Amino acid sequence: MKELIITLILAKGQLMHIEIFDISCADWYKKNVVIREYKIKLPNRNHFYHKYKGKHVFGYVCGKH
């Protein structure tokens with residue numbers, strides 16, 4: 001069984017470490033992180049945001065440790 005650690009980057013630079021097994025980090029991210037569109041779109045701003053268990057996610061890092 002292949003074990004990886006995906007670290008989600010949350011608001012204010014907080015990190016959330018999650019152990020995953022037998023799935024790539026990209027596939028896990030696509031399955032578990034919800035992508036939503038802002039109702040009010042502002043110029044020069046991304047029109048989408050990402051959430052995992054009610055928390056805003058800005059990205060992720062994947063590794064074996």
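Residue numbers start at 1 and run along the sequence shown. Quick caveat, the model's predicted, so the values are computed rather than measured.
- Under the 4.5 Å side-chain heavy-atom criterion for grouping Ile, Leu, Val, Met, Phe, Trp and Tyr, V57 is connected to I18 within one hydrophobic cluster.
- Grouping Ile, Leu, Val, Met, Phe, Trp and Tyr by side-chain contacts under 4.5 Å, direct or through others, puts I35 with F48.
- By the 4.5 Å heavy-atom criterion applied to side chains, Y60 and V33 are not counted as neighbours.
- The aromatic ring centroids of W28 and F21 lie 6.0 Å or more from each other.
- Between atom CG of residue L10 and atom CZ of residue F58 there is a gap of 8.5 Å, rounded to the nearest 0.5 Å.
- Partners of Y49 by ring-ring contact (aromatic ring centres under 6.0 Å, His included), not counting sequence neighbours, listed by chain and number: Y38, H56.
- By the side-chain contact (heavy atoms from CB on, under 4.5 Å) test, D27 is found to be paired with I23, S24, residues two or more places apart in sequence or in another chain being considered.
- Applying the 4.5 Å side-chain rule to ILVMFWY residues, one finds I40 in the same cluster as L42.
- Annotation: salt bridge (charged side-chain N to carboxylate O under 4.0 Å, His left out) contacts involving residues 44-54, sequence neighbours excluded, are absent.
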Can you list the steps and then say if L8 with Y52 is a side-chain contact (heavy atoms from CB on, under 4.5 Å)? CA-CA 9 Å; L8 299 179; Y52 176 71; 3.6 Å; yes
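- With sequence neighbours left out, the side-chain contact (heavy atoms from CB on, under 4.5 Å) criterion links K41 to E37, H47.
- Residue pairs satisfying the disulfide bond (SG atoms under 2.5 Å apart) criterion with at least one member in residues 22-53, sequence neighbours excluded, are listed as follows: C25-C62.
- Checked against side-chain contact (heavy atoms from CB on, under 4.5 Å), K30 has no partners two or more places apart in sequence or in another chain.
- Atom-to-atom distance recorded for L4:CG and E19:CD is 10.5 Å, nearest 0.5 angstrom.
- Going from atom NE2 of H50 over to atom CG of N32 covers 13.0 Å, rounded to the nearest 0.5 Å.
- Take L15 and apply the side-chain contact (heavy atoms from CB on, under 4.5 Å) test, not counting sequence neighbours, and it matches T7, I9, H17.
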